[in-house]
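Working notes, structure below.
Worth knowing before you read on, the calculation uses all heavy atoms, side chains too, and leaves out hydrogens, waters and symmetry mates. In what follows, chains are A, B, ... by sequence order, proteins preceding strands, each numbered from 1.
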Protein chains: 2
Amino acid sequence: MATQKLNKTHAHSACPMDSLLQTISGPWTSYILWLLSSQGTLRFGELKAKMPGISSKVLTERLRMLEGAGLVNRDYKPTIPPSVSYSLTPRGTELKDVLDGLNVLALRWHAEDTEVEA
Amino acid sequence: MATQKLNKTHAHSACPMDSLLQTISGPWTSYILWLLSSQGTLRFGELKAKMPGISSKVLTERLRMLEGAGLVNRDYKPTIPPSVSYSLTPRGTELKDVLDGLNVLALRWHAEDTEVEA
DNA sequence: TCCTTTAGTTACTAATCGGAACCTACTTTT
DNA sequence: AAAAGTAGGTTCCGATTAGTAACTAAAGGA
């Protein structure tokens, strides 16, 4: 359990939103959510292949964190070699909708800034 | 410039949302936005007083970052001792509205979880 | 003269993050 | 029969990063 830098040092977050924000930010997290939402269920190796540069360790960490947050399902099949698939939970889907709203803002601002610079 | 762990190592974020997420997460950031949106313009010392446990360095960092992201206005008056006030920009206000949506989700989930546990 | 106030810096230390290498339990290749 | 490969991770360790504590400036007040 490494990725829990959350609200450990300071308990200023009476609001659960802060911990939710912590959960979904970080290098690869929103990318994982986006992949799972746009491509459905994916296996560990498939995810890794779609994220060039990520290490197994980091991908595992992120997925475990998202699973712990109830945003991602982990489906483990103890075959040999084992098969593990990930998919979004209903909450994950809900969250993705809100993130899309954020994305709209980000894109608009980006467009505005680019326009101004041009 | 300390809080810029952003997408330095990996440039996987073609999407501006990721950097926006990085900007607004982190220990105190959303709390600052909330204070400024609910209480209007505040001076550095006032902010610090309302955030028990934060250090000057961290508060400065966060404010500078938010200013750099165009979410917060910094109004410096070179009196002795100097007076510095902070307030939300229009973008900061827009963002806060979206964050409220996220907050609604977070609160609902929190409520659901509490209910289940009870 | 010394202390207080405001808004930060600097210096230092503690924590965290991520990459490289390793692992399991079986299957396929040589 | 031995070696290599596969899937999905762990473990170890170094480098970065974040945060706390102490210091600063410049004027006014006791």
Side-chain angles (χ1 to χ4, degrees), chain A residues 1-13 18-19 21-23 25-29 31-32 35-36 41-68 72-87, chain B residues 1-13 22-29 31-32 35-36 41-68 72-87:
Chain A
M1 179 152 304
T3 49
Q4 297 295 53
K5 86 174 167 188
L6 293 181
N7 35 354
K8 179 195 29 137
T9 38
H10 311 290
H12 75 280
S13 59
D18 206 61
S19 84
L21 266 178
Q22 301 291 334
T23 303
S25 45
W28 302 96
T29 317
Y31 194 43
I32 293 173
L35 283 176
L36 290 179
T41 301
L42 290 173
R43 298 184 56 176
F44 184 89
E46 290 175 325
L47 272 171
K48 191 162 186 294
K50 288 169 194 295
M51 308 170 81
I54 199 172
S55 67
S56 293
K57 182 204 167 190
V58 171
L59 180 53
T60 301
E61 260 179 18
R62 296 293 186 269
L63 287 169
R64 290 282 155 79
M65 187 195 55
L66 291 173
E67 188 196 1
V72 159
N73 279 321
R74 181 171 188 270
D75 182 21
Y76 173 78
K77 298 209 172 84
T79 55
I80 298 293
S83 154
V84 184
S85 319
Y86 294 92
S87 58
Chain B
M1 178 161 296
T3 49
Q4 296 295 57
K5 86 172 165 186
L6 293 180
N7 33 353
K8 178 194 29 135
T9 39
H10 311 290
H12 75 280
S13 59
Q22 300 292 332
T23 303
I24 62 184
S25 45
W28 301 95
T29 317
Y31 193 44
I32 293 173
L35 283 175
L36 290 179
T41 301
L42 290 173
R43 299 184 55 176
F44 183 89
E46 290 174 326
L47 272 172
K48 191 163 187 293
K50 288 170 195 295
M51 307 170 80
I54 199 174
S55 68
S56 293
K57 181 202 170 191
V58 171
L59 180 53
T60 301
E61 260 179 19
R62 296 293 186 272
L63 287 169
R64 291 280 156 80
M65 187 197 54
L66 291 173
E67 189 198 0
V72 158
N73 279 321
R74 180 171 187 271
D75 182 20
Y76 174 76
K77 298 210 172 86
T79 54
I80 301 289
S83 155
V84 184
S85 315
Y86 293 92
S87 58

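In this structure, R64(B) does not reach the dA7(C) phosphate: none of its side-chain N or O atoms is under 4.0 Å from OP1 or OP2. Between R43(B) and dA7(C) there is a side-chain N or O to OP1 or OP2 distance below 4.0 Å. Not one side-chain nitrogen or oxygen of R62(B) sits closer than 4.0 Å to the OP1 or OP2 atom of dG8(C). Contact check, Y86(A) against dG9(D): a side-chain N or O comes under 4.0 Å of OP1 or OP2. Within the 4.0 Å cut-off from OP1 or OP2 of dG8(D), not a single side-chain nitrogen or oxygen of S56(A) is found.
Residues that satisfy the side chain to side chain donor-acceptor pair (under 3.5 Å) test with D75(A), not counting sequence neighbours, are K77(A). Under the rule for a side chain to side chain donor-acceptor pair (under 3.5 Å), T60(B) has no partner lying at least two apart in sequence or in another chain. The side-chain contact (heavy atoms from CB on, under 4.5 Å) search around V84(B) returns R74(B), Y76(B), Y86(B), not counting sequence neighbours.
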Sort me out a list of protein N/O and nucleotides 25-30 of chain D N/O pairs below 3.5 Å, or just none if empty.
none

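Checking dG8(D), dG8(C), dC12(D) against every side-chain atom of F44(B), the shortest atom distance belongs to dG8(C).
Residue contacts for S83(B): at a heavy-atom cut-off of 4.0 Å it reaches the sugar-phosphate backbone alone, with no base atom in range.
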Below 3.5 Å, can you tabulate the donor-acceptor pairs from side chains in residues 44-51 of chain A to any protein atom, sequence neighbours excluded?
from   : atom 1 : to     : atom 2 : distance (Å)
E46(A) : OE1    : R43(A) : N      : 2.7
K50(A) : NZ     : Q39(A) : OE1    : 3.0

